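The first residue in the sequence is number 1, and the count goes up from there. Here the structure is a predicted model, which means the values were calculated and not measured.
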Amino acid sequence: MSKGIAIHWFRQDLRLTDNLSLEKAAEFDAVLPIYILDDENSQEFKMGSASRWWLHHSLQSLNESLDSKLSIYNQNPKNVIKKLLEKYDVKAVFWNRCYEPWRIDRDIDIKAYLDDKKIENKSFNSHLLWEPWNISKDDGTPYRVFTPYFKKGCLNAEEPRLPSKNLKIDTIFYDHDCDQIETLDLLPRINWYSKIQEVWKPGEDGAQKRLDQFLEEGLLDYKEGRNFPFKENVSRLSPHLHFGEISSNEVWYQAKTKESVSGIQKSLDHFLSELGWREFSYYLLYHFPSLPKQNFQPKFNKFPWIKNESFLESWQKGETGYPIVDAGMRELWQTGYMHNRLRMVVGSFLVKNLLIDWREGEDWFWDCLVDADLASNSAGWQWVAGSGADAAPYFRIFNPVTQGLKFDPEGEYTKKYVPELKLLPNKFLFNPWEAPKEILERAGIELGKDYPEPIVDLKYSRELALEAFGKTKLE
Ligand SMILES: Cc1cc2nc3c(=O)[nH]c(=O)nc-3n(C[C@H](O)[C@H](O)[C@H](O)COP(=O)(O)OP(=O)(O)OC[C@H]3O[C@@H](n4cnc5c(N)ncnc54)[C@H](O)[C@@H]3O)c2cc1C
């Protein structure tokens, strides 16, 4: 008996390898692989500019792997699916699960529609190592602290599934009435992305190469090296993982193949626990769907944030007068990425030294990061602000001068992104306002002209922050 056509709906799983939904669809006579840009249901969480750049290239790469037979649409997904059901002998629709609240709502609605039409449909887990609903405390409530969540919850739960083998599909069906990648209009009109283009290779192939390189060159010294932004010890897999060009199961198990390398265990465990932080972010978003916009700890609703457009703009442009902060913000602008150490430093500076609401930082990252991810971005910002689950305490304020001296002692990273300071001796690189006049002159710097004066005083702004924090404790 004919099994008809099955739709595989690509979402955050832009890969052919280890893709459970696609494998299921391949059991049918023909597979119709579709991607739908959904700017309607996403509303305030529409993809940002850097993510759109990434998506454009990732779709191109996926389309090539599918012999140019990826059917693409720019409409409300329910309408797309409705039309496809009317047009073709579609027997089933499959997808891999996403966890953003708006996607969950949309998918529930589409599932109900398909059930009503008696069309087989099923969703799979191809994005996470552990489903958020499978991990809970002994009393059945969700964890709020990372270490017990990961060590007691995840590591004692069923092991993540092994990735599946490569899939060869030769029954792909293409809908000639679909849109083209170009008509999705994902690339910005102004070419601000030329540098981003030099750094990244979106797509499944690029993801595997990035992982191979990290496992060969970065992993062994990951535990230590991951703190230093000029070192090549972090994987830079985050955008590939976000778009699902490689599954977390692949990363987990391929990393584990290095277990026998002498002296690697601590770094390996640390790397796996960072994948655990990704899981924890999704877990929090699933159990606390207001995470992207509301303080996880309600006492922060009393925090007296300051609206200051000029400070915010200086921060966004990397012109705060604090070199390590400016280097991080410029790395973000130029490459669509920022090293984790810097995400913490620039985040702390925004919310604690400038007293600007963490949601402003979250929005800027959302637009600029190629790895912008609703779960990790909101969990990361709430962690930095001190308002989150298991967050850095608000009173722990990163000092941008000591952070620079400690984590970029030779100034390699800072001078790369703030080249106007490259002739300044390291002693004054992170605090140029304290350099004697003749040293500044010799380095060719006039503060306020070649490089900004600090926009706030560290000591004074720290006191203001602690005072403001005191307000959250008022009953
Ligand atoms: C304010 C702030 C905002 C952030 N926004 C995002 C975001 O939008 N998207 C995003 O993917 N990550 C975000 N992070 C987390 C982290 O900074 C990045 O995942 C990491 O820097 C990516 O680089 P990597 O792939 O080289 O990481 P590696 O150190 O190589 O880690 C491997 C993988 O583990 C995961 N991971 C590592 N650290 C974290 C973490 N702290 N939280 C969650 N997952 C983690 C990522 O998927 C990462 O690719 C944010 C952190 C902060 C403090």
Side-chain angles (χ1 to χ4, degrees), residues 1-42 47 55 58-100 102-127 164-181 183-184 186 203-204 243-245 247:
M1 198 182 90
S2 156
K3 290 188 84 181
I5 296 172
I7 292 178
H8 164 64
W9 177 8
F10 279 108
R11 298 117 66 91
Q12 282 164 317
D13 56 335
L14 305 181
R15 63 175 186 275
L16 303 188
T17 312
D18 191 33
N19 189 324
L20 299 186
S21 158
L22 183 61
E23 281 166 34
K24 180 70 189 166
E27 290 172 10
F28 284 67
D29 292 335
V31 183
L32 172 56
I34 63 171
Y35 180 85
I36 308 170
L37 179 68
D38 186 358
D39 278 340
E40 204 170 309
N41 292 295
S42 51
M47 236 178 269
L55 178 65
S58 192
L59 288 176
Q60 271 184 340
S61 156
L62 182 66
N63 192 32
E64 267 170 42
S65 311
L66 289 166
D67 297 327
S68 306
K69 287 183 181 161
L70 177 63
S71 300
I72 289 177
Y73 308 88
N74 187 5
Q75 276 175 55
N76 190 318
K78 196 164 167 190
N79 292 340
V80 172
I81 290 174
K82 238 182 203 172
K83 280 189 201 150
L84 291 173
L85 297 191
E86 280 162 16
K87 230 164 115 189
Y88 301 114
D89 181 26
V90 174
K91 292 282 193 275
V93 182
F94 302 115
W95 61 81
N96 292 311
R97 284 191 279 282
C98 296
Y99 302 84
E100 290 87 344
W102 69 266
R103 289 189 206 256
I104 293 179
D105 291 346
R106 176 196 67 188
D107 294 351
I108 290 173
D109 181 50
I110 291 178
K111 180 171 175 40
Y113 170 75
L114 292 169
D115 285 344
D116 196 46
K117 292 264 167 203
K118 308 232 166 355
I119 300 286
E120 182 182 350
N121 64 87
K122 193 168 177 332
S123 67
F124 298 81
N125 172 17
S126 254
H127 199 62
S164 53
K165 303 249 163 11
N166 261 356
L167 180 68
K168 178 94 195 83
I169 324 170
D170 42 24
T171 53
I172 299 176
F173 180 80
Y174 177 67
D175 172 27
H176 286 274
D177 294 334
C178 71
D179 293 312
Q180 300 301 310
I181 297 176
T183 56
L184 297 183
L186 292 166
E204 200 168 353
F243 284 95
E245 297 166 354
S247 73

Asks: Backbone N or O of W95 within a donor-acceptor pair of the S21 side chain at under 3.5 Å?
Replies: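 Here the side-chain-to-backbone pair exists.
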Asks: Taking all atoms of both residues into account, what is the closest heavy-atom pair of S61 and G203, and its distance?
Replies: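 For S61 versus G203, the nearest heavy atoms are OG-CA, 3.5 Å.
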Asks: Report the residues that fulfil side chain to side chain contact (heavy atoms under 4.5 Å, CB included) with D67, sequence neighbours left out, ordered by chain and then residue number.
Replies: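 Expected list: none.
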Asks: Using the rule given for side chain to side chain contact (heavy atoms under 4.5 Å, CB included), can you reason through V90 versus L85, listing the C-alpha separation, both sets of side-chain angles and the distance that settles it, and then say yes or no?
Replies: CA-CA 6 Å; V90 174; L85 297 191; 3.6 Å; yes
Asks: Could you go step by step and tell me if I7 and F94 meet the side chain to side chain contact (heavy atoms under 4.5 Å, CB included) rule?
Replies: CA-CA 6 Å; I7 292 178; F94 302 115; over 6 Å; no
Asks: Rounded to the nearest 0.5 Å, how far apart are CG of D175 and SG of C178?
Replies: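 One gets 5.5 Å once the value is rounded to the nearest 0.5 Å.
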Asks: The test is side chain to side chain contact (heavy atoms under 4.5 Å, CB included); show your working for L55 and M47 and say whether it passes.
Replies: CA-CA 9 Å; L55 178 65; M47 236 178 269; 3.8 Å; yes
Asks: Just by distance, do the side chain of D179 and the backbone of N74 share a donor-acceptor pair under 3.5 Å?
Replies: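 Confirmed, D179 side chain pairs with N74 backbone.
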Asks: If you round to the nearest 0.5 Å, how far is CD of E23 from CG of L20?
Replies: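 Output value for this atom pair is 5.5 Å.
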Asks: Would you say L14 and L62 make side-chain contact, with heavy atoms under 4.5 Å?
Replies: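 Of all side-chain heavy-atom pairs linking L62 with L14, at least one is under 4.5 Å.
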Asks: One pair to check against side chain to side chain contact (heavy atoms under 4.5 Å, CB included): L37 and Y73. What are the steps and the verdict?
Replies: CA-CA 6 Å; L37 179 68; Y73 308 88; over 6 Å; no
Asks: Are any of the side-chain heavy atoms of C98 and I104 separated by less than 4.5 Å?
Replies: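 The answer is no, as the side chains (C-beta and beyond) never meet within the 4.5 Å cut-off.
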Asks: How long is the span from the CG atom in N96 to the NZ atom in K122, to the nearest 0.5 Å?
Replies: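 Going from the CG atom of N96 to the NZ atom of K122 covers 10.5 Å.
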Asks: Are Y35 and N63 linked by a side-chain donor-acceptor pair shorter than 3.5 Å?
Replies: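 Absent: no donor and acceptor within the cut-off.
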Asks: Suppose we screen for side chain to side chain contact (heavy atoms under 4.5 Å, CB included). Which residues come up paired with T17, at least two apart in sequence or across chains?
Replies: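 Once residues adjacent in sequence are excluded, the partners of T17 under the side chain to side chain contact (heavy atoms under 4.5 Å, CB included) criterion are N166, E204, E250.
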Asks: Might you work through the salt bridge (Lys or Arg N to Asp or Glu O under 4.0 Å) test for D107 and K111, ending with a clear yes or no?
Replies: CA-CA 6 Å; D107 294 351; K111 180 171 175 40; over 6 Å; no
Asks: So that I can tick it off, tell me whether K91 and D89 are bridged by a salt bridge, with the cut-off set at under 4.0 angstrom between side-chain N and carboxylate O.
Replies: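 The answer is yes: the pair qualifies as a salt bridge.
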Asks: Below 4.5 Å, heavy atoms only, C-beta onward: do L184 and L59 meet side chain to side chain?
Replies: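 Touching, per the 4.5 Å side-chain cut-off.
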Asks: For the pair D29 (side chain) and G4 (backbone), establish whether a donor and an acceptor sit closer than 3.5 Å, ignoring hydrogens and angles.
Replies: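 Flag set: sc D29 to bb G4 pair under 3.5 Å.
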Asks: Can you check whether I72 reaches T183 side chain to side chain, under 4.5 Å on heavy atoms?
Replies: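 The answer is no; the side chains never approach within 4.5 Å.
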Asks: Look up atom NE2 in H176 and atom OH in Y174, then write down how far apart they are to the nearest 0.5 Å.
Replies: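 Here the interatomic distance stands at 6.5 Å.
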Asks: Under a 4.5 Å cut-off applied to non-hydrogen side-chain atoms, are L16 and L66 in contact?
Replies: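 When only atoms from C-beta onward are counted, L66 and L16 do touch, with a gap below 4.5 Å.
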Asks: Considering all heavy atoms of both residues, which atom of F10 and which atom of N19 are nearest to each other, and what is their separation?
Replies: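 The answer is CE2-ND2, 3.7 Å.
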Asks: CG of L32 to OG1 of T171: how many Å apart, nearest 0.5 Å?
Replies: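 The CG atom of L32 sits 11.0 Å away from the OG1 atom of T171.
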Asks: Are I81 and W9 close enough that some pair of their side-chain heavy atoms sits under 4.5 Å apart?
Replies: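 I81 vs W9: side chains touch.
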Asks: Does one side chain, of Q12 or E245, offer a donor that lies under 3.5 Å from an acceptor on the other?
Replies: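 Absent: no donor and acceptor within the cut-off.
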Asks: Please determine which of D38, D109, D116 meets the salt bridge (Lys or Arg N to Asp or Glu O under 4.0 Å) test together with K78.
Replies: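 The option that passes is D109.
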Asks: Check whether any side-chain N or O of N125 sits under 3.5 Å from a backbone N or O of H127 as a donor-acceptor pair, and report yes or no.
Replies: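 Looks like yes, one N/O pair under 3.5 Å.
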Asks: Looking only at heavy atoms, which two atoms of I172 and K69 are closest? And how far apart?
Replies: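 Looking at all heavy atoms of both residues, the closest pair is CG2-CB, 3.6 Å.
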Asks: Quick check: does any side chain N or O of R103 sit under 3.5 Å from a backbone N or O of R106, one acting as donor and the other as acceptor?
Replies: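 No; zero donor-acceptor contacts below 3.5 Å.
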Asks: For the CD atom of Q60 and the CG atom of L70, what is their distance to the nearest 0.5 Å?
Replies: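 It is 11.0 Å, given to the nearest 0.5 Å.
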Asks: Looking at N121 and I119, what are the two nearest heavy atoms and their distance?
Replies: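 Minimum heavy-atom separation between N121 and I119: ND2-O, 3.1 Å.
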Asks: Any side-chain heavy atom of V31 sitting closer than 4.5 Å to one from I5?
Replies: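 Not in contact.
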Asks: Is the distance between the ring centroids of F28 and F173 less than 6.0 Å?
Replies: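 Aromatic pair excluded; centres sit 6.0 Å or further apart.
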Asks: Can you confirm whether the side chains of S126 and D13 place a donor and an acceptor under 3.5 Å from each other?
Replies: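 The criterion, which ignores hydrogens and geometry beyond distance, is not satisfied for D13 and S126.
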Asks: How close do N76 and E40 get, counting heavy atoms only, and between which atoms?
Replies: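 Minimum heavy-atom separation between N76 and E40: ND2-OE2, 3.0 Å.
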